[in-house]
Amino acid sequence: MCQQTRVDTAIPYYHRFLERFPTPGDLAEATEDEVLAAWSGLGYYRRARLLHAGVKEVVAQYGGAVPRGAEERRGLPGVGRYTAGALGSIAFDLPEPIVDGNVARVLSRLDRIETPLGRAETERALWTRAEALVAGPRPGDFNQALMELGALVCTPKAPGCGACPWAADCAAHAAGVETSLPVPRPKKKPVPVSLTAVVATRGRGADREVLLERRAQGELFAGLWMVPMVEAGPTQLALGDEAAGSLRDDAQRCAREHGVSGTLEADPRGEVIHVLSHRRYRVRVWRLSAARTRPESPLVPQRLDGLSELGVPRLTHKILSAALPSHES
DNA sequence: GACCCGTGGAG
DNA sequence: TCTCCAAGGGT
């Protein structure tokens, strides 16, 4: 859960997760929907699927306990070098290094590493240094302390060098360049993508259902439930936003391609902006009522008050809120 | 090595 | 409002 996610963000999910899946066996036997539902809102949903696959392997191959051997740990789905080292040092008290974002910042300053993060030579230098440092007593505590030092003292913007136990040994501090390290990897701007979404509903009041599809493997938000969407058509891209007619054409096309018909409103309900690390989505939201589906439609009616039982990403909740003012979250 | 994958808090 | 970046891993 903590991969690329702040600990404070993950904590409530962690507690709910353990309450729902108290043992490895419980998680291994759960359905993908149940696991993704418990993960909904946390992002990077592949982690949930990898965790699910990993715990299944732990149960099937290792009797429900994470194996002690480094090779076996590293071979589990979702367990890379960092997680393998965290398990080794914290759970098994083995002198294995870890390098997360915090450690990378501390060590790049300590040794004044001026090559960009992500580069092979940079990573090699960081892991080599971390490995040398952890070769002492209490490796788990040492690794966690190193991460805490980065999170609380050796912070990105305004490091508290006055409170740092390593200030006297820090090459970056000696040179006065600590705030310019580490050198970040070159950043790429999110690619703008225009989408049209159709929120198709059946029934009214508490019994109202919305038509959702489960995203296929290999697609964005794989395994999660979302409203039908299509990319904006070439006409709209060429003519721009003033071509209002083509906007509605996209909504019509979206409904048709997803095998749903009904009453499509004359104007969109609104617009949703959702930024991922590599994409910037602008979603025009349309409302279609009295929805009927053809037999081949991938859409499945879902009760609005039952969405918490499914894996549903934030983007979908934003879209539903735009189309259905009563929808919250 | 490059790219893909979500979300939210902090400054 | 905008930028940065989180206890990374897979392809």
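Lettering of chains follows the sequences in order, A, B, ..., and the numbering in each one begins at 1.
In terms of modelled atom types and a separation under 3.5 Å, the side chain of A/K318 and the main chain of A/H274 share no donor-acceptor contact. With hydrogens and angles disregarded, no donor-acceptor distance shorter than 3.5 Å links the side chain of A/H52 to the backbone of A/A48.
The side chain to side chain donor-acceptor pair (under 3.5 Å) search around A/D33 returns A/R214, A/W225, not counting sequence neighbours.
Defined by atom type and a distance below 3.5 Å, a donor-acceptor pair is missing between the side-chain atoms of A/S194 and A/E231. No side-chain N or O of A/D249 forms a donor-acceptor pair with one of A/S246 less than 3.5 Å apart.
Between the CG atom of A/L36 and the C1' atom of B/dT7 there is a distance of 16 Å, rounded to whole Å. Between the CE atom of A/M1 and the P atom of B/dG8 there is a distance of 15 Å, rounded to whole Å. Between A/D141 atom CG and C/dA7 atom P there is a gap of 18 Å when expressed in whole angstrom units. Distance, A/L42 CG to B/dT7 C1': 8 Å, rounded to whole Å. Rounded to whole Å, atom P of C/dG10 lies 12 Å from atom CG of A/L51. A/E123 places its CD atom 12 Å from the P atom of C/dG8, with the value rounded to the nearest Å.
Counting only residues at least two apart or on different chains, the side-chain hydrogen bond (donor to acceptor under 3.5 Å, both in side chains) pairs with a member in residues 54-80 of chain A are A/R73-A/E96. Residue pairs meeting the salt bridge (charged side-chain N to carboxylate O under 4.0 Å, His left out) criterion with at least one partner in residues 121-139 of chain A, sequence neighbours excluded, are A/D111-A/R129, A/R138-A/D141.
Ion pair A/E209/A/R202 flagged as a salt bridge, since at least one NZ, NE, NH1 or NH2 atom sits closer than 4.0 Å to an Asp/Glu carboxylate oxygen.
In this pair, A/H317 and A/H327 present their aromatic rings parallel. The plane angle is below 30°, not in the 30 to 60° band.
Of the candidate nucleotides B/dT7, C/dA7, C/dG10, C/dA7 has the atom lying nearest to any side-chain atom of A/Q144.
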Distances under 3.5 Å only, N/O to N/O: pair up the protein atoms with those of nucleotides 1-3 of chain B.
from	atom 1	to	atom 2	distance (Å)
B/dG1	OP2	A/A120	N	3.1

Name the pairs: protein N/O against N/O of nucleotides 2-6 of chain C, kept only if under 3.5 Å.
from	atom 1	to	atom 2	distance (Å)
C/dA6	OP1	A/R105	NH1	2.6

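For the pair A/Y13 and A/R46, nearest-nucleotide mapping onto DNA chain B gives the more 5' position to A/R46.
If you check residues 73-99 of chain A against DNA chain C, the residues with a heavy atom closer than 4.0 Å are A/P77, A/G78, A/V79, A/G80, A/R81, A/Y82, A/T83, listed by number.
Remark: A/R16 qualifies as a cation-pi partner of A/Y13 under the 6.0 Å distance and 45° angle criteria applied to the six-membered ring. Taking the ring axis of A/W127 as reference, the NZ or CZ atom of A/R81 stays within 45° of it and closer than 6.0 Å to the ring centre.
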